[in-house]
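Given the structure is predicted, the values throughout are model-derived calculations rather than measurements. Along the sequence shown, residues are numbered consecutively beginning with 1. Counting convention: from 1, in listed order, for ligands and their atoms alike.
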Amino acid sequence: MKVYKKAIENLLAKDRIGRCDFHSHSFLSDGVLLPIEQLRRAFVKGHEGYAITDHVSASNLDIIPKLDRDCKLATKHWGFLALHGVELTHVPVGAIEEITEQAVEMGALVIVIHGETISEPVEPGTNLIASKCKLVDILAHPGLVTKEVAENCKKNDVFLEITSNKAHSITNGHVVDVGRKAKANFIQNTDTHRPSDMLNYDEGKRILLGSGLTIKEAEEVFQKNTRDFLTKIYSKI
Ligand SMILES: [Zn+2]
Ligand SMILES: [Zn+2]
């Protein structure tokens, strides 16, 4: 754990934080790359903070210690922050809290919940339970997110994702509109499954601007919100 703490401290000590992305998939779920190759490519692309958050449910929580091994190697030997986590995906609403607790117990550092994107049959109520659970870090691609969910996210320190994933980004404008009114904390992630999904700082910023944020708000997402997110992760390690 020490290696992750040190890397977070180094990032937080910087005046300006570079590109970070805390939602991606390796071939331990449905991505195409071995975790260490994905981390190598993320590092070379200029990421300063990165997380592999493979899809999980009760069946495959055993990927957590596997991801930990490669993330530790990347963080230790390449000097950037490579975190591991999970994205609870299509988990029944009634089991989300329980599986989240199990994932945390097994050492997952970043907890993402696969939100109610309008492009997949996610069980209604997933957004709401995720927004109420303080162990959750990111509500990913939340689709037609409600005011109640956005307000809960603000209250419980759950970051609301603005995604560049092509299938899930069609509701970004709505997410910004509702999230902004609730003063929710946005985070911009790619949900990378293959190397071409990775974005640099300016490309990520364009996703935020295209979703309706102002230049000032977009900078705040990449600077202040990233710091707040890293501080939250740090407090759990
Ligand atoms: Zn996927
Ligand atoms: Zn994902």
Side-chain angles (χ1 to χ4, degrees), residues 19-35 37-39 41-42 45 47 49-64 66-68 70-71 82-93 95-96 99-100 103-104 106 108-123 126-127 129-131 133 135-145 149 153 158-172 175 179 185-199 203-204 207-208 211 221 226 229 233:
R19 177 62 181 163
C20 292
D21 185 358
F22 299 111
H23 179 178
S24 74
H25 301 276
S26 74
F27 74 18
L28 292 182
S29 60
D30 60 350
V32 300
L33 297 177
L34 182 72
E37 179 175 354
Q38 188 159 327
L39 296 171
R41 285 174 181 269
K45 178 116 182 142
H47 288 81
Y50 197 77
I52 298 182
T53 53
D54 275 306
H55 298 289
V56 294
S57 181
S59 57
N60 66 332
L61 289 170
D62 60 322
I63 65 165
I64 295 166
K66 294 182 187 175
L67 283 173
D68 179 50
D70 274 352
C71 289
L83 295 170
H84 59 88
V86 290
E87 181 181 19
L88 271 70
T89 307
H90 295 287
V91 172
V93 169
I96 286 176
I99 305 287
T100 296
V104 170
M106 289 184 71
L109 300 174
V110 178
I111 304 289
V112 181
I113 303 289
H114 182 93
E116 293 175 48
T117 170
I118 61 171
S119 62
E120 284 178 29
V122 180
E123 187 181 335
T126 297
N127 282 355
I129 196 79
S131 72
C133 185
L135 289 175
V136 170
D137 301 304
I138 299 170
L139 174 55
H141 41 68
L144 297 173
V145 66
V149 166
C153 284
V158 177
F159 287 72
L160 207 51
E161 184 182 76
I162 299 178
T163 183
S164 52
N165 180 302
K166 287 182 183 68
H168 305 323
S169 61
I170 38 182
T171 52
N172 279 357
V175 175
N185 292 316
F186 296 121
I187 193 163
Q188 199 284 311
N189 294 318
T190 61
D191 200 354
T192 281
H193 286 72
R194 55 197 66 74
S196 59
D197 295 336
M198 290 180 185
L199 300 180
E203 289 163 341
I207 297 295
L208 292 176
S211 306
V221 168
T226 300
F229 182 81
I233 302 300

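- Judged purely by distance below 3.5 Å, without hydrogens or angles, the side chains of Ser119 and Thr117 pair a donor atom with an acceptor atom.
- Residue His23: an N/O/S atom is found under 2.8 Å from the Zn ion (ligand 2).
- Residue contacts to the Zn ion (ligand 2): His25 brings an N, O or S atom closer than 2.8 Å.
- Taking the N/O/S atoms of Asp30 in turn, the shortest distance to the Zn ion (ligand 1) belongs to OD2.
- Closest to the Zn ion (ligand 2) among the N, O or S atoms of Glu87 is OE1.
- Between the side chains of His114 and Glu120, a donor-acceptor pair is found at a separation under 3.5 Å.
- Defined by atom type and a distance below 3.5 Å, a donor-acceptor pair is present between the side-chain atoms of Asp21 and Thr190.
- The CD1 atom of Ile99 lies 10.0 Å from the CD1 atom of Ile113; values are rounded to the nearest 0.5 Å.
- Scanning both residues, Asp191 and Asp197, for their nearest heavy atoms gives O-OD2, 4.3 Å.
- Looking at Asp191, its N, O or S atom nearest to the Zn ion (ligand 2) turns out to be OD1.
- Residue side and main chain included, His193 places an N/O/S atom under 2.8 Å of the Zn ion (ligand 1).
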